[in-house]
Amino acid sequence: MKKITLLFSFCLLSISAAIAQSISSPDSDLQMEFSISEDGSPVYKLDFKGKAVIKPSKLGFDLKEEEDLLNGFSIKDTKTSSFDETWEPVWGEYKEVRNQYNELEVRLLQEATSRELVLRFRLYDDGLGLRYEFPQQKSLGHFVIKEEKTQFAMAGDHTAFWIPGDYDTQEYDYTESRLSEIRGKMESSITANLSQTSFSNTGVQTSLMMKSDDGLYINLHEAALVDYSTMHLNLDDENMIFESWLTPGAKGDKGYLIAPTHSPWRVVMVSDDARDIPASQIIYNLNEPSKIDDTSWIKPMKYIGVWWEMITGKSSWHYTDEFQAVRLGETNFEEAEPNDTHAANTEHVKEYIDFAAEHGFDGVLVEGWNIGWEDWFGHSKDYVFDFVTPYPDFDVKEIQDYAASKDVEMIMHHETSSSVRNYERHLDTAYQFMKKYGYNAVKSGYVGDILPRAENHYSQWMIDHYLYAIKKAADYEIMINAHEAVRPTGLARTWPNLIANESARGTEYQAFGGSKPNHVTVLPFTRLLGGPMDYTPGIFEMDISKLNPDNNSHVNSTIANQLALYVTMYSPLQMAADLPENYMRFPDAFQFIKDVAIDWDNSIYLEAEPGDYLTIARKEKGGNNWFVGNVNGNDNRMSSIKFDFLDKDKVYIATVYSDAPDAHYKRNPQAYEIKKYRVDHKSKINQMSVPGGGYAISIMEASKDEAKGLQKL
Ligand code: NOJ
Ligand code: CA
């Protein structure tokens with residue numbers, strides 16, 4: 001990532017008295033004020049255009065053995081500075097990202113202990129980042145966090161889009177409620193997962209999206225989560241004050257720190273225009289520039305996979321039904337009778353490769369290729385997979401040669417089954433095996449409870465593991481897409497080989513009972529703020545019993561909504577998740593998935609309201625074509641957009657893939673219409689979307705001749 005411009009200036013203010021310090025955002029809409037209360041507690045507050053966003057809120061730490069870092073502070077000195085740079089992401093929604101903020105650094109002294117603590121505030125036009133820094137000093141070395149006590153005092157009983165606080169999973173549907181209703185709705189919001197640990201009936205996860213009655217959109221999240229435990233938010237619902245609630249490790253401690261070090265950024269995004277929240281790049285801006293110098297091997301990918309057939313239960317990951325348990329190195333698969341549902345077999349994989357080659361996909365993912373799936377979860381088993389030994393019916397070399405001959409890349413799958421110790425022990429050999437056979441990307445996964453036992457998916461130990469796997473992959477020039485890992489906090493700016501994560505309720509849940517029809521109108525305001533999601537869209541057959549008669553799940557989405565997801569759920573890694581035969585039933589709709597770009601020069605958020613709708617136009621990287629996606633919530637809605645983003649001197653052909661008037665996510669999900677128009681920068685469209693529906697438009701540059709005869713929009 002290249003720095004194009006850099007402007008830096010600062011001035012130093014030495015003050016002795018504990019007076020309030022304030023900074024404004026570059027556009028002056030946001031004001032942040034810092035002060036020290038009477039008992040010496042650090043306090044901050046945040047206003048947007050004169051309205052309170054964060055009322056006076058305290059900062060500090062409960063420490064396990066040492067004196068707490070909560071009060072008794074005085075200000076030693078403060079510095080303000082300004083920063084303005086523009087950087088180019090390796091992949092992303094924009095060609096260039098502006099990183100502009102005003103900063104306040106406050107150096108505090110706790111006189112009774114002689115310890116120093118630095119608070120750094122960065123105020124952007126779209127929000128506030130603040131973090132704690134523990135400088136190198138005589139009086140602070142090792143310390144253990146009992147709890148971080150960062151407060152976010154809300155100015156009202158806002159409407160929130162929340163998922164239950166949990167140390168192990170984010171795979172929940174969002175609940176929309178007033179803050180005061182969280183407690184009453186908590187129990188019904190906690191749906192089953194293979195590993196889950198909730199902690200409080202007012203505990204929620206970040207990113208937390210809120211809307212105030214006076215029209216502010218407020219979002220709480222964190223950025224640059226490195227060597228620290230994941231932050232949840234616990235609500236004091238009498239006073240509407242959120243407080244940080246860190247994820248404990250195996251011993252219940254919330255973090256082991258050594259000075260000099262710092263916390264991740266705590267982020268408050270705010271705007272009076274809902275579109276500014278999903279469009280914001282503040283989380284990336286609060287992360288470090290890329291640490292990978294040569295990024296030429298990092299490439300966005302559109303892929304298919306031997307996957308949905310296992311998720312729906314049509315096929316199996318495991319090879320044989322003969323074993324209740326497997327001991328790697330001892331259980332003999334060569335002599336085992338194969339079942340007739342194992343999908344990852346050479347012949348079947350070749351069919352997928354043929355399909356990928358024929359329809360222009362970059363890659364094929366195959367799950368269930370390696371021995372161990374017979375008892376892969378639920379047993380707290382340490383040694384489940386070795387990541388290098390295929391089942392007898394999966395010929396790695398033959399498949400690789402076949403894929404290479406068709407210019408298709410194979411995507412590796414490492415299900416760790418959360419046996420993380422085992423995975424780390426095998427990581428080098430696993431990555432070397434990938435390189436030997438030409439795999440450049442891996443989907444990893446962390447299903448089930450973590451081993452070492454009693455660690456949590458989001459504790460500091462696991463945060464360190466996820467980054468260890470990313471850094472090591474970078475050494476091998478491998479791209480990572482980690483499922484069930486912690487929700488992203490913008491680290492992909494620093495490590496752009498982290499091309500996606502799951503870390504939310506993905507499409508798989510549409511085969512596990514279904515997700516709420518408006519789920520995808522919330523994710524861009526929450527989960528996607530920290531990084532791309534491998535949501536795995538593109539399901540055309542919504543009645544899962546058609547694939548597996550024993551599975552009555554229903555995909556709560558229309559086909560047009562599925563197409564729109566390729567635009568609204570930004571990711572440089574996009575799957576076409578359904579079975580090839582289902583695409584062949586709807587080849588005209590499938591055309592959009594084939595055409596849509598996966599890397600962008602520009603993104604324009606046209607319409608947005610969390611939980612209700614989102615419409616985005618994106619310009620493909622290095623080209624003149626545009627793609628529009630609209631996803632719709634629970635009610636019929638007319639979307640009205642202008643095409644004024646198009647070049648003034650060009651003509652385009654727009655292909656509109658929309659819900660048919662009688663479509664409905666449940667009753668009639670496969671009813672769609674496709675219409676072609678001639679468009680230019682003066683065109684407009686009014687398009688109806690049904691509940692759980694939406695529309696997708698490809699806008700391809702055309703010559704006047706090509707566009708001739710088409711109706712003008
Ligand atoms: C859960 C992942 O989200 C899913 O994509 C994967 O197929 C299974 N684990 C098996 O690894
Ligand atoms: Ca998952």
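When a ligand or atom number is given, it counts from 1 through the structure's own listing order. Keep in mind that the numbers below use all heavy atoms, side chains included, and drop hydrogens, waters and symmetry copies.
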**OP:** Kindly confirm or rule out an N or O of W373 lying under 3.5 angstrom from an N or O of ligand 1.
**Re:**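 By distance alone, the answer is no.
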Subject >> Test of proximity, W317 against ligand 1: N or O pairs below 3.5 Å >> reply: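 No, no N or O pair falls under 3.5 Å.
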Original post:
Looking at H413, which atoms of ligand 1 are within less than 4.0 Å of one of its heavy atoms?
Top reply: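 What qualifies from ligand 1 is 11 (O).
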**OP:** Heavy-atom contacts with E502 under 4.0 Å: which atoms of ligand 1 show up? List them by number with element.
**Re:**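 Matching atoms, with element in brackets: 3 (O).
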[atom]: the protein heavy-atom neighbour that sits closest, reported with distance to 0.1 Å:
| atom | value |
| --- | --- |
| atom 11 (O) of ligand 1 | E415 OE1, 2.6 Å |
| atom 6 (C) of ligand 1 | E367 OE1, 3.4 Å |
| atom 5 (O) of ligand 1 | K443 NZ, 2.6 Å |
| atom 2 (C) of ligand 1 | E484 OE2, 3.2 Å |
| atom 4 (C) of ligand 1 | E508 OE1, 3.3 Å |
| atom 9 (N) of ligand 1 | V447 CG2, 3.3 Å |

[X]/[Y] ion pair, N-O < 4.0 Å:
| X | Y | answer |
| --- | --- | --- |
| K435 | E477 | no |
| K443 | E502 | no |
| D543 | K546 | yes |
| E222 | R487 | yes |

Original post:
By atom name, which N, O or S atom belonging to E508 lies closest to the Ca ion (ligand 2)?
Top reply: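 Result for E508 and the Ca ion (ligand 2): OE2.
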Subject >> Heavy atoms of other groups near K594 NZ, more than 12 under 6.0 Å >> reply: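 Yes, NZ of K594 has more than 12 neighbouring heavy atoms, counting only those of other groups under 6.0 Å.
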Original post:
Judged by modelled atom types alone, do E309 and S315 share a side-chain donor-acceptor pair under 3.5 Å?
Top reply: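 There is such a pair between these side chains.
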Subject >> M310 touching ligand 1 at heavy-atom level, < 4.0 angstrom >> reply: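 The answer is no, since M310 has no heavy atom less than 4.0 Å from ligand 1.
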**OP:** Would you please determine whether Y509 falls within less than 4.0 Å of ligand 1 on a heavy-atom basis?
**Re:**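 Y509 does not count as a contact of ligand 1 under the 4.0 Å cut-off.
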Original post:
Quick one: angle E171 OE2 - the Ca ion (ligand 2) - E484 OE2, to the nearest 10°?
Top reply: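 Angle OE2(E171)-the Ca ion (ligand 2)-OE2(E484): 100°, rounded to 10°.
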Original post:
Which atom names give the shortest non-hydrogen contact between E508 and W308, and what distance separates them?
Top reply: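 It is CA-CZ3, 4.2 Å.
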Original post:
Is there a donor-acceptor pair closer than 3.5 Å between any side-chain N or O of N422 and the backbone N or O of Y383?
Top reply: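 Not a single qualifying donor-acceptor pair exists.
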**OP:** Have a look at ligand 1 and work out which part of W376, if any, has a heavy atom under 4.0 Å from it: side chain, backbone, both or neither.
**Re:**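 Looking at W376 and ligand 1, just side chain atoms fall under 4.0 Å.
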**OP:** Run through F377, Y466, W376 and flag the one making a ring-ring contact (aromatic ring centres under 6.0 Å, His included) with Y446.
**Re:**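 Between Y446 and the candidates, ring-ring contact (aromatic ring centres under 6.0 Å, His included) is satisfied uniquely by Y466.
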**OP:** Let me know which of F433, Y391, Y439, F385 forms a ring-ring contact (aromatic ring centres under 6.0 Å, His included) with W369.
**Re:**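 For W369, the ring-ring contact (aromatic ring centres under 6.0 Å, His included) test succeeds with only one of F433, Y391, Y439, F385, which is F433.
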